[in-house]
Engineer: 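Quick one: the structure is below, and I'll ask about it shortly.
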Amino acid sequence: MRTTDEHRTPVDDEEAVAKQLRLRGRVDLVDSSPAPGAPGTLVAGVDVAYDDVSGRLAAAAVLLDAADLRVVHSATARGPVPYPYRPGLLAFRELPAVLEALSRLESRPDLVVCDGYGLAHPRRFGLASHLGVVTGLPCLGVAKNPFGFHHGELGAARGARAPLLDPETGEEVGAALRTRSGVKPVYVSAGHRVSADAACAHVLSLAREYRQPQTTRLADRLCREALAAPG
DNA sequence: GCGACAG
DNA sequence: ATCTTGTCGC
């Protein structure tokens, strides 16, 4: 059926790329995300851990109050690794379990923070964009490496940023953002319903004492625990 | 052919 | 992603 087809894991890279090209038309780049740090706003962090030996993975979704960064609720999901790792196709590997974990949360988040890219992607449709389109939720991406993208020097102070550029086209796809003074920046990009500026503001609000947003740190810890847990 | 491109 | 202690420095 049509719906089953939409959510089926692609059989090969060609089909995966075609699916990205089809879905990317649904990305909303107009910001409708909540005000960063607003009390009562629920921000979800999602992450996935892998066990290459068993071929299984675990996803975690952690729900935080945006004002105090305290955990409101969390959920996990486990399953077989559905797709091999290919640069540019990460979403097909992580999305099924992430969606399952998100669906197990007691409340629908107002914003989702992903590990990886959104607009900063070869086809401008990274994990954060894909998750946003599928769920309809405001979504942004935070990555630890710039990979193929380039950026100029940025100041050493927390909050400093520089445009992240596609070296092929010169297109601005996100920002290198310093979340801790003197520490390597993180690489932020818009996913869905979140602008680049808002994405940076959200990340700064979520990363107050560590380089990574608290959403990412907690989700990372939880999915590792879920992967290691028996059963 | 080589380098390399989230996790 | 993951294998992984101690060590340097604020």
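Per chain, numbering begins at 1; letters A, B, ... match sequence-line order.
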Engineer: So which nucleotide from B/dC5, B/dG7, C/dT2 ends up closest to the side chain of A/Pro87?
Structural biologist: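 Nearest listed nucleotide: B/dC5.
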
Engineer: Touch check for A/Gly116, heavy atoms < 4.0 angstrom, all strands: base, sugar-phosphate only, or nothing?
Structural biologist: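 Here A/Gly116 touches the bases of the nucleic acid.
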
Engineer: Rounded to the nearest angstrom, tell me the gap between atom CG in A/Asp52 and atom P in C/dC3.
Structural biologist: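 So the two atoms are 10 Å apart, to the nearest Å.
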
Engineer: Write down the distance between CZ (A/Arg124) and P (B/dC5), rounded to a whole number of angstrom.
Structural biologist: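 That distance rounds to 15 Å.
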
Engineer: Just call it for A/Arg123: base, sugar-phosphate, or nothing, with non-hydrogen atoms closer than 4.0 Å on any strand.
Structural biologist: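 Contact class for A/Arg123: none.
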
Engineer: How many Å lie between CG on A/Asp51 and C1' on C/dA1, as a whole number?
Structural biologist: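 Rounded to the whole Å, the gap is 11 Å.
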
Engineer: In whole Å, I'd like the distance from the CZ atom of A/Arg224 to the C1' atom of C/dC3.
Structural biologist: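 Value for this atom pair: 12 Å.
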
Engineer: Measure from the side-chain N and O atoms of A/His192 to the backbone N and O of A/His130, and report whether any donor-acceptor pair falls under 3.5 Å.
Structural biologist: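 No: the side chain of A/His192 does not pair with the backbone of A/His130.
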
Engineer: Please report, rounded to the nearest Å, how far the P atom of B/dG7 is from the CG atom of A/Leu227.
Structural biologist: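 Spelled out: CG on A/Leu227 to P on B/dG7 is 17 Å.
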
Engineer: Using a cut-off of strictly less than 4.0 Å, decide whether A/Arg86 has a side-chain nitrogen or oxygen near OP1 or OP2 of B/dG7.
Structural biologist: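 For B/dG7, neither OP1 nor OP2 has a side-chain N or O of A/Arg86 closer than 4.0 Å.
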
Engineer: Write down the distance between NE2 (A/His130) and P (B/dG7), rounded to a whole number of angstrom.
Structural biologist: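 To the nearest whole Å, that distance equals 18 Å.
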
Engineer: Could you verify whether a donor N or O on one side chain and an acceptor N or O on the other, from A/Thr179 and A/Arg211, lie under 3.5 Å apart?
Structural biologist: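 There is no such pair (donor and acceptor under 3.5 Å, judged by atom type) between the side chains of A/Thr179 and A/Arg211.
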
Engineer: Distance alone, cut at 3.5 Å: any donor-acceptor contact between the side chains of A/His202 and A/Ser33?
Structural biologist: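 Their side chains do contain a donor-acceptor pair, which is all the 3.5 Å distance test asks for.
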
Engineer: Please confirm whether the shortest side-chain N or O distance from A/Asn145 to OP1 or OP2 of B/dA4 is below 4.0 Å.
Structural biologist: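 No, outside the criterion.
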
Engineer: According to the interplanar angle, ranging from 0 to 90°, do the rings of A/Tyr83 and A/Phe92 count as parallel (below 30°), tilted (30 to 60°) or perpendicular (above 60°)?
Structural biologist: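 The rings of A/Tyr83 and A/Phe92 sit tilted, inter-plane angle from 30° to 60°.
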
Engineer: Tell me, please, whether A/Phe125 has A/Arg26 positioned over its six-membered ring: NZ or CZ under 6.0 Å from the ring centre and within 45 degrees of its axis?
Structural biologist: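 Not flagged: A/Arg26 not positioned over aromatic ring of A/Phe125.
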
Engineer: Using a heavy-atom cut-off of 4.0 Å across all strands, would you classify A/Leu95 as base, sugar-phosphate, or nothing?
Structural biologist: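 Counting heavy atoms under 4.0 Å across all strands, no contact is made by A/Leu95.
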
Engineer: Over how many whole Å does the gap from A/Leu127 atom CG to C/dA1 atom P extend?
Structural biologist: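 In whole Å, C/dA1 P and A/Leu127 CG are 13 Å from each other.
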
Engineer: Using atom CG of A/Asp47 as one end and atom C1' of B/dG7 as the other, report the distance to the nearest whole Å.
Structural biologist: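 That distance rounds to 8 Å.
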
Engineer: Which part of the nucleic acid, if any, lies within reach of A/Ala49 when heavy atoms closer than 4.0 Å are counted: base, sugar-phosphate only, or nothing?
Structural biologist: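 It contacts sugar-phosphate atoms only.
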
